[in-house]
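For reference, the structure discussed in these notes is given below.
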Amino acid sequence: MSAALVEGFSVTHSRYVPYAHAHYGGNLVDGAYSLGLFGDVATELCIRTDGDEGLFAGYSGVEFLAPLHAGDVVEVTATLTRIGNRSRSVAFEARVTCRANPNRGPSSADVLTEPLVITRATGTVVVPLPAG
């Protein structure tokens, strides 16, 4: 068992959202983008806790709380909340930490004073039983 396999262990990724991912007016990015990032951070969580990429079994809840825009920098965190024999419950949160500000210029952006929580979710991942 990994030393990281404890409730409360978390992994965080940060990513710039390119303009190529905008699908709607106002440079809005679809909510599935956050869910894809949750899958990535869950994979690293499983590697660090169980030495295996694991499989995402499903979401038990998803909340889209605020929009994600192209030009944002988004930070996603996966936190281990329950440890079963093979299943792991995970809480996810996506926060915008920087946002484009085209009013100041075409490449201008601001660091947000407080991160803006845009998506929360809970889900389950499954890992193989340990060998031995």
Side-chain angles (χ1 to χ4, degrees):
M1 180 185 300
S2 168
L5 187 57
V6 295
E7 290 179 9
F9 179 76
S10 67
V11 173
T12 299
H13 290 183
S14 186
R15 181 163 312 158
Y16 173 79
V17 181
Y19 281 82
H21 289 280
H23 292 290
Y24 305 103
N27 288 318
L28 287 175
V29 175
D30 61 62
Y33 190 87
S34 293
L35 300 183
L37 296 178
F38 289 164
D40 292 344
V41 75
T43 298
E44 184 179 346
L45 180 84
C46 289
I47 291 168
R48 292 187 178 278
T49 58
D50 292 280
D52 190 276
E53 292 181 358
L55 294 171
F56 206 106
Y59 288 105
S60 54
V62 176
E63 297 177 280
F64 297 105
L65 304 167
L68 178 64
H69 297 275
D72 286 349
V73 174
V74 63
E75 183 178 85
V76 293
T77 299
T79 303
L80 192 58
T81 60
R82 187 193 59 78
I83 302 165
N85 287 335
R86 293 185 51 223
S87 66
R88 315 282 182 250
S89 295
V90 183
F92 298 95
E93 187 172 88
R95 299 168 296 279
V96 172
T97 59
C98 302
R99 179 151 276 172
N101 187 347
N103 294 329
R104 280 202 342 261
S107 60
S108 294
D110 299 316
V111 176
L112 301 182
T113 305
E114 289 291 323
L116 173 64
V117 177
I118 58 165
T119 311
R120 285 194 183 113
T122 53
T124 301
V125 295
V126 179
V127 295
L129 287 172

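- Leu28 and Leu65 fall into different hydrophobic clusters, where Ile, Leu, Val, Met, Phe, Trp and Tyr are joined by side-chain heavy atoms under 4.5 Å apart, directly or via other members.
- Here CG of Asn27 is found 9.5 Å from CG of Asp72. Values are rounded to the nearest 0.5 Å.
- Remark: Asp40 engages Arg15 in a salt bridge (charged side-chain N to carboxylate O under 4.0 Å, His left out) (not counting sequence neighbours).
- Qualifying salt bridge (charged side-chain N to carboxylate O under 4.0 Å, His left out) partners for Glu53, counting only residues two or more places apart in sequence or in other chains: none.
- For the pair Phe92 and Val76, the minimum side-chain heavy-atom distance is 4.5 Å or more.
- Applying the side-chain hydrogen bond (donor to acceptor under 3.5 Å, both in side chains) test to residues at least two apart or on different chains, the pairs with a partner in residues 55-71 are Ser60-Thr122.
- In this structure, Thr12 OG1 and Leu45 CG are separated by 10.0 Å, a value rounded to the nearest 0.5 Å.
- Between atom CG of residue Asp110 and atom SG of residue Cys98 there is a gap of 8.5 Å, rounded to the nearest 0.5 Å.
- Taken together through direct or relayed side-chain contacts under 4.5 Å among Ile, Leu, Val, Met, Phe, Trp and Tyr, Ile47 and Phe56 form parts of separate hydrophobic clusters.
- For the residue pair Thr119 and Ser34, the shortest heavy atom distance occurs at OG1-OG, 3.3 Å.
- Contact record, Ala70 with Pro18: CB-O, 3.8 Å, taken as the closest heavy-atom pair.
- Looking at Ser87 and Arg82, their side chains do bring a donor and an acceptor atom within 3.5 Å of each other.
- When every heavy atom of Val125 is checked against every heavy atom of Cys46, the shortest pair comes out as CG2-SG, 3.6 Å.
- For residues 11-33, the set of pairs meeting the ring pair (Phe, Tyr, Trp, His ring centres under 6.0 Å) definition, not counting sequence neighbours, comprises His21-Tyr33.
- Counting heavy atoms from C-beta outward, Leu80 and Leu5 have side chains that approach closer than 4.5 Å.
- Leu112 and Val17 fall within the same hydrophobic cluster, where Ile, Leu, Val, Met, Phe, Trp and Tyr residues are linked whenever their side-chain heavy atoms come under 4.5 Å apart, directly or through other members.
- A donor-acceptor contact shorter than 3.5 Å links the side chain of Thr81 to the backbone of Ser89.
- Taking the side chain as every heavy atom from C-beta outward, Leu116 and Arg99 approach each other to under 4.5 Å.
- Taken together through direct or relayed side-chain contacts under 4.5 Å among Ile, Leu, Val, Met, Phe, Trp and Tyr, Phe38 and Phe9 form part of one hydrophobic cluster.
- Applying the side-chain contact (heavy atoms from CB on, under 4.5 Å) rule to Val126 yields the partners Ala57, Arg86; only residues at least two apart in sequence or on another chain are considered.
- In this structure, Ala94 and Val74 approach most closely via the heavy-atom pair CB-CG2, 4.2 Å.
- In this structure, the salt bridge (charged side-chain N to carboxylate O under 4.0 Å, His left out) partners of Arg95, at least two apart in sequence or on a different chain, are Glu75, Glu93.
- Residues Leu68 and Val96 meet the side-chain proximity criterion, which asks for heavy atoms closer than 4.5 Å.
- Remark: the backbone N or O of Asp52 is not paired with any side-chain donor or acceptor of Asp50 at under 3.5 angstrom.
- Each of Ile83 and Val127 belongs to its own hydrophobic cluster when Ile, Leu, Val, Met, Phe, Trp and Tyr are linked at side-chain heavy-atom distances under 4.5 angstrom.
- Contact record, Ala66 with Val117: CB-O, 3.9 Å, taken as the closest heavy-atom pair.
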